[in-house]
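Just so you know, ligand 1 is whichever comes first in the structure, and atom 1 is the first atom listed for that ligand.
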Amino acid sequence: MCGIIGYTGRTQVLPKLFCGLKSLEYRGYDSAGIAFYDRNAGMMCLKEKGRVSEVEALADDYEKNNNTKIDAFCGIGHTRWATHGKPSDINSHPHCTMRVSIVHNGIIENYAELKDELTGHGYGFVSETDTETAAVLIDRFYCDTGDPVAAVRKASERIQGSYAFGIIFHDRPNEIYAARKDSPLIIAEGSDGNYIASDIPAVLRYTDKYYRLEEGETAVLTPGSVTVIKEDGTRFTPEYCKITWSVDAAEKEGFPHFMLKEIHEEPRAVRDTLSSVLSSDIEAFFRENDFDSINIAACGTAMHAGLICKYMTEKLARVPVNVYIASEFRYQDPILSERDLVIIISQSGETADSVAALRLAKERGARTLAVVNVVGSTAAREADHILMTLAGPEISVASTKAYASQIAVMYVLSVKLALVKGKISDEYASSLISDISDNVPSAIDGIIAQKDSIKALARNFLDCPSVFFVGRGLDCLVASEGSLKLKEITYIHSEAYAAGEMKHGTISLISEGTPVIALATEKDLLLKTLGNVKEVKSRGAYVVLVCNEDDIDSIDRSVCDSIIALPPLRSCFAPFTAIAALQLLSYYTAVLRGCDVDRPRNLAKSVTVE
Ligand code: AGP
């Protein structure tokens, strides 16, 4: 996700661009830039790797070094969350050609093909980004037609993927053009001019009147007018809605906390991640490298994602996978060579323990693969290979959408390895991939739709001293992540346990009212898990059963006090929906307890110390 802002009007544009970009930095903050029409110097572009404040410093330096004051009333700005091309000055937006300057939020999936075509027509490129391709394409069509709207619409017809564009045509320096497909973009009417923005926070201090551009619509903004053009060419002046949010609420798009917003983003995060990883060369990577061992090193939630990879890879590919807590990796004195693969999973790509494990793996000669959510992060830069999760910035300390994206990668890795090893057929591999792509995002939405009933359940955990999460197979792995979520944001002690193991000691901790969250999503393990549930229920536990809605009728309702029913999904993909339910349960419990959900005590989003 990136942040876009644009303004054309009767007051200076730079303060509005910088102010708007700072309120959008939650959408991405690895680089920033602005392009504007200065009445003395003409079109200018200031951009660099780093935060918005560093671009402000560039503007100050320009004015000092040239003994001048920037005098500009039209401009666009961007704060970046890199997906194609590492964070760098040259990859920062805006991207400029001879005729246009453009900022973009989204992913141009066919940019390589378009880039080759444009290169063949003599166009040059300076960045590694997909966005620059759009800039050159619009430039080309503008050169052909002389009509900005036609140029934008023709380019949009060629682009596959998602985009929200803010565009200035250099020979029309007080106009801004905007277009969107799958990425949000609003138009806002102010008393002193008109705005475009990715999101409401960017304009909230200037106006409360906004219009959400619809799919396929193009907009033309001048200081005194806004015209929207539909896909069928009809033009109209938008009717504005009134913003009722505070700035803080707006950054969360109306959600009370980033964590809840990010849980709601999980379907999109999984969809984007799958799209990216399925178009990667991971299958070829496995075909070219017949590894002796597969090793995973990660921390916390990321390590729990690694456990899913171990389970699925060993089941499908019949290849042993070692999963290490990254901080313990070095003490295992791992025996590694170039015939071994070490996968580092890390949302931030900066976790010191995980980076240390990566460096140790490299010292031992192993091939390394980083599964990260931040382009250009340390792990991404130092690993031999990278697979990106496209969760977008995860602001809340508790990882939710990143975990969902990480396990999406883990499932693809296990299927691809099984295919390469000849353990599963092409047909079966394709059915698994189609299933996860077509059904998982909507199934997660199905859980999110149950949030009110899950919220009601949270009351039962409000004041309990401890909660148990139990399950078998994959459910046991999800129990670990569910337990961590509860601990880190509610401060309630919690323990995840193999359901079959409780009777070997821990069940002594069960007394009247002890909360037990029992995961029973794996059909072929259902009866055994229910047997374990009966063991704790008969000793007074308060049991919440998490199972498939299809199984409810076969369950003796006396074994549990409540049920969270998961939407139909192939059994092995239930971790996506089960964890979404547990994330919501932990979230609502934390809210009821008055905890600082997004910034729990003692925690940091990225633990950069060992
Ligand atoms: C998860 O909710 C925690 N914030 C924590 O366990 C986190 O997963 C761990 O610190 C690893 O972070 P990383 O993915 O950025 O490496």
*Parallel, tilted or perpendicular: ring planes of Tyr324 versus Phe329, cut at 30 and 60 degrees*: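 The arrangement is perpendicular - the two ring planes meet at more than 60°.
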Atom indices of ligand 1 within 4.0 angstrom of [X] heavy atoms, with elements:
{"X": "Ser346", "answer": "13 (P), 14 (O), 15 (O), 16 (O)"}
{"X": "Ser399", "answer": "1 (C), 2 (O)"}
{"X": "Gly300", "answer": "6 (O)"}
{"X": "Ala302", "answer": "8 (O), 14 (O)"}
{"X": "Ala398", "answer": "2 (O)"}
{"X": "Thr301", "answer": "1 (C), 2 (O), 6 (O), 8 (O)"}
{"X": "Ser348", "answer": "13 (P), 15 (O), 16 (O)"}
{"X": "Lys485", "answer": "1 (C), 2 (O)"}

*Step-by-step side-chain contact (heavy atoms from CB on, under 4.5 Å) determination, Glu350 to Val374*: CA-CA 9 Å; Glu350 300 298 346; Val374 181; 5.8 Å; no
*Taking the six-membered ring for Trp, are the ring centroids of Phe468 and Tyr542 within less than 6.0 Å of each other?*
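So the answer is no for these two rings.
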*Kindly say whether the aromatic ring centers of His264 and Phe255 come within a distance under 6.0 Å.*
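Ring centroids of His264 and Phe255 are less than 6.0 Å from each other.
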_Taking only non-hydrogen atoms of His304, do any sit less than 4.0 angstrom from ligand 1?_
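In this structure, His304 fails to qualify as a contact of ligand 1 - no heavy atom is under 4.0 Å.
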Nearest neighbour in protein (non-hydrogen) for [atom]:
{"atom": "atom 9 (C) of ligand 1", "answer": "Cys299 O, 3.8 Å"}
{"atom": "atom 14 (O) of ligand 1", "answer": "Gln347 N, 2.7 Å"}
{"atom": "atom 4 (N) of ligand 1", "answer": "Val397 O, 2.8 Å"}
{"atom": "atom 10 (O) of ligand 1", "answer": "Val607 CG2, 4.2 Å"}
{"atom": "atom 12 (O) of ligand 1", "answer": "Thr351 OG1, 3.4 Å"}

_Spatial distance of atom CD1 (Ile507) from atom CE (Met502) [nearest 0.5 Å]_ =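 Those atoms lie 5.5 Å apart.
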*Test Asn91 against Ser88 for side chain to side chain donor-acceptor pair (under 3.5 Å), laying out the working first.*
CA-CA 5 Å; Asn91 287 338; Ser88 69; 3.2 Å; yes
Name each donor-acceptor pair under 3.5 Å that joins a side chain in residues 571-580 to protein atoms two or more places apart or in another chain, with its distance.
from   : atom 1 : to     : atom 2 : distance (Å)
Ser571 : OG     : Thr521 : O      : 3.2
Ser571 : OG     : Lys523 : N      : 3.4
Thr577 : OG1    : Ala574 : O      : 3.0

_For Ala429, side chain to side chain contact (heavy atoms under 4.5 Å, CB included) partners two or more places apart_ =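 So Ala429 forms a side chain to side chain contact (heavy atoms under 4.5 Å, CB included) with Val415, Leu419, Ile424.
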*NZ (Lys487) with more than 12 external heavy atoms under 6.0 Å*: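 Atom NZ in Lys487 is packed in, count exceeds 12.
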*Might you work through the side chain to side chain donor-acceptor pair (under 3.5 Å) test for Ser293 and Asp340, ending with a clear yes or no?*
CA-CA 5 Å; Ser293 76; Asp340 299 301; 2.8 Å; yes
*Residue part near ligand 1, for Glu488, under 4.0 Å between non-hydrogen atoms*: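 Only the side chain of Glu488 comes within reach of ligand 1.
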